[in-house]
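When a ligand or atom number is given, it counts from 1 through the structure's own listing order. Every heavy atom of this structure was used, including side-chain atoms; hydrogens, water molecules and symmetry mates were not.
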Amino acid sequence: MTESLEDKVREAFAPEGALSRAADQFRERSGQTEMAMAVARTIDQGGVLVVEAGTGVGKTFSYLVPALLSGERVLLSTATKTLQDQLFGRDLPRLVEAFGLPVRTALLKGRGSYLCLHRLDTARHDASLPERGSLRTLAKIEQWSKATRTGDLAELPGLDERSPLIPLITSTRENCLGAQCPQFKPCHVNLARREALAADIVVINHHLFFADLAVRETGMAELLPTVSVVVFDEAHQLNETGVQFLGAQLGSGQALDFARDMLGAGLQHARGLVDWQQLVAGVERAARELRLVVGKQWPGTKLRWLGPSPEGIDPDAWQQSLDDLQHSFELAAEGLDTVSEISPDFVRLHERARQLAKRTARFALPCEVDSVRWVDVGSQLRLIESPLDIADAMRKRVLKIADPEAELEVDAYGEEIAREEPPPPEDGGRAWVFTSATLGDEPTLRWFTEPCGLRDAEVLRVQSPFDYASQAALYVPRAFPKPNDPAHSQRVAQLAAHGATELGGRTLVLTTTLRALRTIGDAMKQQFELLEAELRPEVLVQGELPKRVLMDRFREGASGGRAGCVLVASASFWEGFDAPGDALQLVVIDKLPFPPPNDPLVEARSQRLEAQGRSSFSDYSLPEAAVALKQGAGRLIRRETDSGVLAICDTRLVAMGYGRRLLAALPPMRRLDNESDFNAALEALKP
Ligand code: SF4
């Protein structure tokens with residue numbers, strides 16, 4: 001009798017199984033095996049499984065092992081390129097070796113991650129490179145381009161991902177020449193896609209997945225119908241990633257990039273045949289005018305756009321600017337059309353001009369149903385139309401893609417790619433697994449399943465194996481300024497500085513706003529000035545250095561001098577910061593992380609719930625805050641041997657009725673009732 005997948009998985013996780021033979025540190029954990037068995041069942045029977053697996057469960061192995069042992073074709077998607085690299089470069093090879101399986105694995109990123117050989121050629125001739133340092137970087141890239149097999153820029157050591165050169169040596173869907181490209185054969189983007197189509201296990205990221213869903217360009221249209229198992233790790237990010245791609249965007253920066261590319265190609269291939277300067281000036285002027293109509297605004301402002309024009313903007317002037325911009329793209333398209341025979345660059349530029357004209361026209365019409373519009377104001381302007389969630393797209397387009405009959409219609413990349421892979425199994429259908437450490441604050445995980453259109457999914461919650469009551473303590477100071485009190489940030493800084501002085505750094509301060517980040521960072525620096533130099537922790541503030549450098553410095557600080565480091569951070573650090581061991585012993589959260597009520601997307605989501613007769617506070621704001629709080633708190637304990645204190649400086653947590661729901665969402669830490677308990681807990685953590 002052949003062994004079932006569940007049997008194979010159970011054996012692999014057993015005390016004497018393949019995993020314990022392959023990895024010394026492997027120890028059987030009931031939660032990990034429970035999740036792996038559920039994934040195995042879903043793979044066997046098909047369907048949708050949503051698993052919240054608390055920190056320390058080891059969820060990566062829980063889905064990788066059944067996926068690998070199933071022998072099926074698998075698509076794995078995770079949230080970031082770094083996590084993709086980890087999965088592909090570390091976890092997958094370890095398991096493939098442990099099981100001795102002859103599987104082919106491939107890594108596929110968005111085209112912006114790969115060197116574009118054609119644009120590298122063009123950049124060599126570009127006299128207007130952004131700055132002198134760029135020439136040195138370009139020389140380094142050229143050198144590397146001769147040796148790299150993958151063309152993945154992540155392999156290039158020391159390349160700053162914010163370098164202004166990157167857009168000039170990578171392609172976009174708009175400027176890629178596809179099958180017309182002189183470099184089509186050795187093209188890295190093309191190669192990565194071919195390898196993905198031939199592999200058994202393909203690792204992608206959520207951005208790529210949704211970008212493809214929006215424009216069907218990356219080869220996913222061919223890939224998805226051939227896989228039987230799809231796993232989304234870090235699935236809590238799916239909705240917010242998805243809405244960015246499923247709407248429409250038009251930026252003044254896009255218009256200026258287009259103008260620049262048109263001028264470059266025009267002067268290189270068709271000088272004198274068209275008045276390029278005039279066409280470019282037309283686009284640039286129209287983009288500038290649009291920005292001027294919006295007038296002076298604080299950088300980072302989001303202008304609501306509920307009527308014919310954004311709030312506070314004259315509708316006629318706005319409409320006129322959009323018309324002018326559209327007209328400038330149309331004129332550019334006409335000019336480009338006359339020289340399209342000369343170079344494939346012009347064919348693509350022509351298409352791009354038409355797309356931009358079309359998108360501008362879309363923004364001159366009313367907003368789509370169940371979507372929201374706004375304008376992001378910075379040095380550039382971005383017009384955005386976004387769906388409120390991805391539920392509709394997931395139901396109609398992703399889960400429908402599970403049906404092999406519904407696919408295989410488009411090859412947007414310009415070439416048919418032969419496939420020999422069989423269709424997905426007919427007995428069970430495709431298996432979809434969505435997992436993360438945080439997917440909600442109640443048993444049905446509605447926070448995740450509802451906006452993702454997965455309400456009928458099987459849901460499993462696997463508790464963290466950590467003993468939170470003995471490993472961690474929660475302190476909510478009661479005699480503290482209210483969160484909207486001007487003195488609040490100063491007091492947070494005082495509390496964090498006190499803890500960091502006691503612990504020799506090892507403190508992470510998470511703020512809900514950038515303003516608080518700066519105030520707290522400055523105040524802590526000032527307070528430490530009063531200490532003797534050797535006792536003074538270093539204060540690292542988000543934005544002062546790249547994220548990776550900040551994280552490395554923080555970890556080094558804990559192993560170095562007595563004073564150590566404090567990191568004050570916001571946004572992505574709430575969930576992307578990992579400092580296991582005693583490098584991090586105190587996490588201070590300044591305020592409850594409710595979604596900003598005046599954000600147009602948040603506002604529209606709330607209004608929709610109210611219109612349905614539901615409470616936007618308890619059905620949206622509260623679960624959002626609970627999930628974010630859980631993520632922030634999750635930075636503290638990363639291993640079974642870690643210990644530490646979490647301080648949340650928001651008295652609403654204990655003074656308001658809803659505080660109970662938020663507290664219940666946190667891991668079951670022991671409570672510190674007053675300042676002396678807090679001090680005693682800090683004392684106990686000292687080495
Ligand atoms: S096919 Fe596209 S991505 Fe590849 S080298 Fe040519 S322009 Fe660049």
Practice task
Pull out every atom of ligand 1 sitting under 4.0 Å from any heavy atom of C181, numbered as shown with elements.
Solution key: 1 (S), 5 (S), 6 (Fe), 7 (S)
Exercise for the section: Taking only Lys NZ, Arg NE, NH1 and NH2, and the carboxylate oxygens of Asp or Glu, determine whether D257 and R352 approach each other closer than 4.0 Å. Expected result: no
Handout entry: CA sep, side-chain torsions, deciding dist, call: T170, Y114, side chain to side chain contact (heavy atoms under 4.5 Å, CB included)
Key = CA-CA 6 Å; T170 53; Y114 298 97; over 6 Å; no
Problem - Location of contacts on R119 toward ligand 1, heavy atoms closer than 4.0 Å - result: neither
Exercise for the section: Consider only side-chain N and O atoms of T172 and N175, and report whether a donor and an acceptor are under 3.5 Å apart. Expected result: yes
Practice task
Any atoms of ligand 1 less than 4.0 Å from a non-hydrogen atom of C176? List them with their elements.
Solution key: 1 (S), 2 (Fe), 3 (S), 7 (S)
Exercise for the section: Would you mind running through ligand 1 and noting each atom that sits below 4.0 Å from a heavy atom of H118? Expected result: 5 (S), 6 (Fe), 7 (S)
Practice task
Look at the N, O or S atoms of C187, main chain and side chain alike, and state whether any lies under 2.8 Å from atom 6 (Fe) of ligand 1.
Solution key: no
Handout entry: Side chains of W305 and V372 in contact at under 4.5 Å (non-hydrogen atoms)
Key = no
Problem - Those atoms of ligand 1 less than 4.0 Å from some heavy atom in L177 - result: 2 (Fe), 7 (S)
Fill in the blank from the handout: Quick note on ligand 1: atoms under 4.0 Å from a heavy atom of C116 include exactly 3 (S), 5 (S), 7 (S), 8 (Fe)
Handout entry: Subset of ligand 1 atoms that lie under 4.0 Å from at least one heavy atom of R111
Key = 3 (S)
Exercise for the section: For the pair L439 and V50, evaluate side chain to side chain contact (heavy atoms under 4.5 Å, CB included) and give the outcome as yes or no after the intermediate values. Expected result: CA-CA 9 Å; L439 288 176; V50 174; 3.7 Å; yes
Handout entry: Numbered atoms and elements of ligand 1 in range of L117, under 4.0 angstrom, heavy atoms
Key = 5 (S)
Exercise for the section: Go through the steps to decide whether D376 and I384 satisfy the test side chain to side chain contact (heavy atoms under 4.5 Å, CB included), and finish with yes or no. Expected result: CA-CA 8 Å; D376 263 352; I384 296 167; 3.4 Å; yes
Problem - 4.5 Å side-chain heavy-atom contact, L83 and D233 - result: no
Exercise for the section: Could you tell me whether S171 approaches ligand 1 through its side chain, its backbone, both or neither, with non-hydrogen atoms closer than 4.0 Å? Expected result: side chain
